Amino acid sequence: MTPEPLTVLGIETSCDETAAAVVRAHADGRREVLSNLVLSQIAEHAPYGGVVPEIAARAHILGLDRLIAAAIAEAGCGWEGVSGVAATAGPGLIGGVMVGLVTGKAVAAARQIPLVAVNHLEGHALSVRLTEKTEFPYLLLLASGGHCQILEVQGVGRYLRLGGTLDDALGEAFDKTAKLLGLGYPGGPAVEQAAKGGDAARFPLPRPMLGREGCDFSFSGLKTAVRHAIARHGPMDAQACADMAAGFQAACLDIVRDRAGNALALFTQRHATGPHRVLAAAGGVAANRALRAALGLLCEEWNFRLVTPPAPLCTDNAAMIAWAGIERLRLGQSDPLDTPARARWPLAAGSGGD
Ligand code: KG4
Ligand code: ZN
């Protein structure tokens, strides 16, 4: 096992953010994000209204070396202070994942330090333990551009999937709604901003799965309803846009409240006497303030504590990858240099790959 303090370089390249970070964990439990750099590719993908995989992979190649050097410099630890390297090995856009993982392997080989091949979803799942002391088990709502699921996090590498989306991810629904409204890319923050001045009741929208048993989601019907409502309305002025954004966001919040409520009930049944009642929310959509507020109220009702990382650690970042690496190294785990990159890699064994 690698002795503490552990100082790990994290590398994240699974989608459209090139990210490098250095995180240090001390033997007494303190943890420090020494650097956390993100090189956004938004400008390169914006003309296409979404992420273009080949453009993403090329941008990772062009940006990653310098970003890593900057992350090491900002951390102030020097290469000799780095005790391990953690790189996202999937799931994600395979070209980008390969760029980050190969770079991580090169660092591990050159510096003679252990490599941890991190599941990106595990990075999100454990990120709450980087920012707050959160004991296992806890519930996790993981909502990002590619994923929407509710899990019980039982330990490092131990995840029980309680439900997930049957079609689109929540972030994807935000992105598509933004595109339909001409709000640009990425859509989540734009829809949240537009919704602030909107009347959520003006355009009635459906709430798929509401009231159903279990913790599954479905957003494609909602997205289609938004498209039809816009077509019926005709040209959307700023107020109509805001009203539609508000209506869409309100529908999403109702759905998440309902589905997460079922998860809290399930967790309460499973751990009736357990001392920890924590709902964590992670992934890009967890940066949404209205969502955080709705989950906060739900947790109050159920006597749960809501834990959400600060927004920069909710959206894709390398600090969460470094942290997942630390969690694994602490358990004596690392990965060989022939570990493959994986486009699909479900977090919970036997679960669907959403
Ligand atoms: O976790 P993330 O950075 O990348 C993935 O792993 O997918 O999540 C990105 C997603 C995008 O769909 C983006 O629109 C959404 O998270 N997002 C938001 C907000 N900020 C980012 N959705 C709603 N409200 C936000 N404030
Ligand atoms: Zn992500």
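This one's a predicted model, so the numbers in the text were calculated from it and none came from an experiment. Every number for a ligand or one of its atoms is a count from 1 in the order of the listing.
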Seminar exercise, completed: Counting only protein N, O or S atoms (no waters) closer than 2.8 Å to the Zn ion (ligand 2) gives 3
Problem set entry | Ring-ring centroid check F203 F248, cutoff 6.0 Å | no
For this session: State whether R58 and E44 are salt-bridged, where the test is any N-O pair (Lys NZ or Arg NE/NH1/NH2 against Asp/Glu carboxylate O) under 4.0 Å.
Result: no
Seminar exercise, completed: So the ring-ring contact (aromatic ring centres under 6.0 Å, His included) pairs with at least one residue in residues 103-123 (sequence neighbours excluded) are H120-H124
For this session: Verify the distance criterion only: is there a donor paired with an acceptor across the side chains of T7 and R24 at less than 3.5 Å?
Result: yes
Exercise. For Y138, is the NZ or CZ atom of R305 found under 6.0 angstrom from the centre of its six-membered ring and inside 45 degrees of the ring axis?
Worked result: no
For this session: Starting from atom 5 (C) of ligand 1, find the nearest protein heavy-atom neighbour and note its residue, name and distance.
Result: D316 OD2, 3.4 Å
For this session: Distance to 0.1 Å, residue and atom name: give those for the protein heavy atom nearest to atom 24 (N) of ligand 1.
Result: N288 ND2, 3.0 Å
Problem set entry | P189 heavy atom under 4.0 Å from ligand 1 | yes
Exercise. Do ligand 1 and T315 have nitrogen or oxygen atoms that lie under 3.5 Å from each other?
Worked result: no
Exercise. So how far is it from L180 CG to D175 CG, rounded to the nearest 0.5 Å?
Worked result: 11.0 Å
Exercise. Is ligand 1 under 4.0 Å from a heavy atom in the side chain of H147, in the backbone, in both, or in neither?
Worked result: neither
Problem set entry | Pair listing, side-chain hydrogen bond (donor to acceptor under 3.5 Å, both in side chains) test, anchored in residues 208-221, at least two apart | D167-S218, D167-S220
Problem set entry | Sub-3.5 Å N/O-N/O distance, F174 and ligand 1 | no
Problem set entry | Residue among V52, V51, D16 satisfying side-chain contact (heavy atoms from CB on, under 4.5 Å) with L93 | V51
For this session: Could you tell me whether D175 approaches ligand 1 through its side chain, its backbone, both or neither, with non-hydrogen atoms closer than 4.0 Å?
Result: side chain
For this session: Could you tell me whether R289 approaches ligand 1 through its side chain, its backbone, both or neither, with non-hydrogen atoms closer than 4.0 Å?
Result: neither
For this session: Would you check whether G283 has a nitrogen or oxygen atom less than 3.5 angstrom from a nitrogen or oxygen atom of ligand 1?
Result: no
For this session: Only pairs at least two apart or in different chains count here, so list each ring-ring contact (aromatic ring centres under 6.0 Å, His included) that has a residue in residues 34-64.
Result: none
For this session: May I ask you to say whether K176 pairs ionically with E172, meaning some side-chain N is under 4.0 Å from a carboxylate O?
Result: yes
